[in-house]
Amino acid sequence: MDIGFFVTWLRVAATQIRQERGRLTELDAAIGDADHGTNLDRGFTEVCRALEDWPPTAPAQALLTAGTTLIRRVGGASGPLYGSAFRAMGKALQDPVTLPGFAAAFEAGVVAVERLGKAAPGDKTMVDALVPASRALTAAAREGLTPYEAFRRAAVAAGEGARATIPMRARKGRASYLGERSVGHEDPGAASTALILEALAEVAVKEATREVD
């Protein structure tokens, strides 16, 4: 996993978010400010521009650039939360990047989100997708799986975690003000987290195919 891998991951994530911007905004309209998709799309577009203007010289730098850009460019809670996650990952990531090292860095990113948002699993937030993904990555690294297998597991876990927020009652953020009315809606932050993990798995399978060729 070199610099190109991480830059491609962020670019594919930006594409996924652009394609799903409407759905993310609809989810947020039900229990939030109706701007999650728009904000993230703008933020990740800026991330791609920053990576082009200031090409990173190490994987960690790519993540730090992404994190700083999201914090500066995205309003609401999602910018600081995602930005803190990427910055914590960048600070924890060691070069050369190994799967165990990536899993540890990802866990550091999750912890940063939990601390900033003061959220835990079951609160109906992006943490409900991040924590299962992190656990899947750590387990896959221990089992000696390939990056693609590990990232596919993480993506599946994140998707399941996002869908699991539907019957939850929100306990954090703007959605918590709705009380029982927050039940029956997927959390938009968990949904966007699943997209970012799906992008990671997509890039990994392309990398694996390239290596075989």
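If you're wondering where the values come from, they're calculated on a predicted model, not measured in any experiment.
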Roughly how far apart are [X] [atom1] and [Y] [atom2], rounded to 0.5 Å?
X: Met1; Y: Asp95; atom1: CE; atom2: CG; value: 10.5 Å
X: Glu186; Y: Leu24; atom1: CD; atom2: CG; value: 9.0 Å
X: Glu149; Y: Leu99; atom1: CD; atom2: CG; value: 10.0 Å
X: Leu40; Y: Ser78; atom1: CG; atom2: OG; value: 4.5 Å
X: Arg21; Y: Arg18; atom1: CZ; atom2: CZ; value: 5.5 Å

Please check if the side chain of [X] supplies one atom and the backbone of [Y] the other of a donor-acceptor pair under 3.5 Å.
X: Asp41; Y: Thr38; value: no
X: Asp187; Y: Ala190; value: yes
X: Thr15; Y: Arg11; value: yes

side-chain contact (heavy atoms from CB on, under 4.5 Å) against Ala60, all qualifying residues, sequence neighbours excluded: Leu93
task: Not counting sequence neighbours, which residues clear side-chain contact (heavy atoms from CB on, under 4.5 Å) with Pro80? List them please.
output: Leu116
Closest heavy-atom pair and its distance - [X], [Y]:
X: Gly117; Y: Leu81; result: N-CD2, 3.9 Å
X: Ala108; Y: Ala92; result: CB-CB, 3.9 Å
X: Phe44; Y: Leu10; result: CD2-O, 4.1 Å
X: Ile3; Y: Ala58; result: CD1-N, 3.4 Å

field: Over 12 foreign heavy atoms within 6.0 Å of CD, Glu202
entry: yes
- prompt: Quick check: are there more than 12 heavy atoms from other residues, nucleotides or ligands sitting under 6.0 Å from CD of Glu143?
  reply: yes
Just list the side-chain donor-acceptor pairs under 3.5 Å for residues 67-75, sequence neighbours left out, or say none.
{"residue": "Thr68", "atom": "OG1", "partner": "Leu64", "partner atom": "O", "Å": "3.0"}
{"residue": "Thr68", "atom": "OG1", "partner": "Arg87", "partner atom": "NH1", "Å": "2.7"}
{"residue": "Thr69", "atom": "OG1", "partner": "Thr65", "partner atom": "O", "Å": "2.7"}

query: Sequence neighbours excluded, which residues qualify as side chain to side chain donor-acceptor pair (under 3.5 Å) partners of Arg49?
result: Glu46
Side-chain atoms of residues 126-142: list all donor-acceptor pairs with protein atoms under 3.5 Å, sequence neighbours left out, distances to 0.1 Å.
{"residue": "Asp128", "atom": "OD1", "partner": "Gly122", "partner atom": "N", "Å": "2.5"}
{"residue": "Asp128", "atom": "OD2", "partner": "Lys124", "partner atom": "N", "Å": "2.9"}
{"residue": "Asp128", "atom": "OD2", "partner": "Thr125", "partner atom": "N", "Å": "3.0"}
{"residue": "Thr138", "atom": "OG1", "partner": "Ser134", "partner atom": "O", "Å": "3.1"}

Are [X] and [Y] packed together at the side-chain level, in the sense that at least one heavy-atom pair is separated by less than 4.5 angstrom?
X: Asp28; Y: Asp35; answer: yes
X: Leu63; Y: Trp9; answer: yes
X: Pro56; Y: Leu51; answer: yes

ILVMFWY network linking [X] to [Y], side-chain heavy atoms under 4.5 angstrom:
X: Val156; Y: Phe151; value: no
X: Leu145; Y: Phe102; value: no
X: Val7; Y: Phe5; value: yes

Salt bridge (charged side-chain N to carboxylate O under 4.0 Å, His left out) evaluation trace for Arg23 with Glu20: CA-CA 5 Å; Arg23 182 175 72 89; Glu20 295 293 323; 2.8 Å; yes
Can you give the donor-acceptor pairs under 3.5 Å from side chains of residues 191-201 to other protein atoms, not counting sequence neighbours?
{"residue": "Ser192", "atom": "OG", "partner": "His36", "partner atom": "NE2", "Å": "2.9"}
{"residue": "Ser192", "atom": "OG", "partner": "Tyr82", "partner atom": "OH", "Å": "2.7"}
{"residue": "Ser192", "atom": "OG", "partner": "Pro188", "partner atom": "O", "Å": "3.3"}
{"residue": "Ser192", "atom": "OG", "partner": "Gly189", "partner atom": "O", "Å": "3.0"}
{"residue": "Thr193", "atom": "OG1", "partner": "Tyr82", "partner atom": "OH", "Å": "2.8"}
{"residue": "Thr193", "atom": "OG1", "partner": "Gly189", "partner atom": "O", "Å": "2.9"}
{"residue": "Glu198", "atom": "OE1", "partner": "Arg152", "partner atom": "NH1", "Å": "3.2"}
{"residue": "Glu198", "atom": "OE2", "partner": "Arg152", "partner atom": "NH1", "Å": "3.4"}
{"residue": "Glu198", "atom": "OE2", "partner": "Arg152", "partner atom": "NH2", "Å": "2.8"}

